[in-house]
Structures are given as structure tokens and as C-alpha cells.
Student: 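Let me begin by handing over the structure; questions about it come next.
Lettering of chains follows the sequences in order, A, B, ..., and the numbering in each one begins at 1. Quick note: numbers below take in every heavy atom, side chains included, and nothing from hydrogens, waters or symmetry partners.
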Number of protein chains: 2
Amino acid sequence: MSTKATFYHAGCGVCVDAEQQFAASLDPSKFDIEIVHLGEAPSRLAEAEAAGVKSVPAFVIDGQPYHINFGASVDDLK
Amino acid sequence: MSTKATFYHAGCGVCVDAEQQFAASLDPSKFDIEIVHLGEAPSRLAEAEAAGVKSVPAFVIDGQPYHINFGASVDDLK
């Protein structure tokens, strides 16, 4: 079964770069990848925060948050 | 051609977790992955720093550093 991996981003340069390098590169046989643009889908902010996302870009894999570099604080997206 | 991806870590809990979730999960048809334990191979520190690695765990993909969460500062490994 594929592991659920959600990539949260906000369209910034750091995010787009991370998306191209990581989100597009995880083994598709292992992951069910969803990409969420928090700027366009602010209704998903609460879910991202509940998973522990503090900044974007970030992955939540199997419920665990992984922040990549530092693009933008989640607080700045509210 | 595969892209060169180097995963630098120091054996800490954050690193091992990131290794299992990311390094083991990148699409092997797209990446040529090397895993470097900086605690065991301190001679590779200079190379990691030259690539922009500030903390581990981190990936360097195509020469670009991506820090994942924050395990340990590279300065603490010297």
C-alpha cells in the first residue's frame, strides 16, 4: 500500500524548487502524493498546523512533518 | 541520466527518521543516491559545507542544499 505524502507549499521560490526536486521525485510506487498550495487553499491551514507544519515548504508523510529549508512561516499565510 | 543526490546525516534520531522517509524513497530511476554519515566520515565535512549544508539531515541534489527539519548543526560535528 502507498504511504500518504502531502506536500504543503505557498508558491514561493523555495517551495517551487523543493516541489520540483522532492515532490516530483518520490518513488510513485511507494507514495500517494498530494500537493497543497496553502495560498490558494487556506482552508487546509488548520489541517497542516494540526500535523505540525510550522513553515512551508513541508511534507507530511505518514502523519509526520518534515520541513524543507525555510520558505515562509505558516503564520504569515493567515 | 540519474541526478546525483547526497544525503548527509550524523546518525541522530531526526536523521535516521529522515533517511528512512526520504533517502530510501526517492525514485531510484531518477536519482543516484549516496548516504554520508558525517560522524563516521568527518573528512567529508568540508565538501558538505562547500555545498551549503548548515545542519543535518540534509540533501544535496544537483549541487543545491535542502535541509530537513533540524537535527544537528554542522559546527557541532567538528
Student: Do V60(A) and V56(A) land in one hydrophobic cluster if side-chain heavy atoms of ILVMFWY residues count as linked below 4.5 Å?
Tutor: yes
Student: Between D17(A) and chain B, which part of the residue has a heavy atom less than 4.5 Å away: side chain, backbone, both or neither?
Tutor: both
Student: What pairs with F22(A) under ring pair (Phe, Tyr, Trp, His ring centres under 6.0 Å), at least two apart in sequence or on another chain?
Tutor: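 Result, ring pair (Phe, Tyr, Trp, His ring centres under 6.0 Å) vs F22(A): F22(B), F59(B), Y66(B).
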Student: Is a donor on one side and an acceptor on the other found under 3.5 Å between the side chain of K30(B) and the backbone of A24(A)?
Tutor: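 At least one qualifying donor-acceptor pair exists.
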Student: Examine distances only and state if a side-chain atom of N69(A) and a backbone atom of P65(B) form a donor-acceptor pair shorter than 3.5 Å.
Tutor: yes
Student: Do any of residues 32-55 of chain B have a heavy atom less than 4.5 Å from a heavy atom of chain A, and if so, which, in residue order?
Tutor: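 Within residues 32-55 of chain B, no residue comes under 4.5 Å of chain A, counting heavy atoms only.
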Student: Between I68(A) and H67(B), is there a side-chain heavy-atom distance shorter than 4.5 Å?
Tutor: no
Student: Side chains of L26(B) and L26(A): closer than 4.5 Å at any heavy-atom pair?
Tutor: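 With C-beta onward as the side chain, the pair touches.
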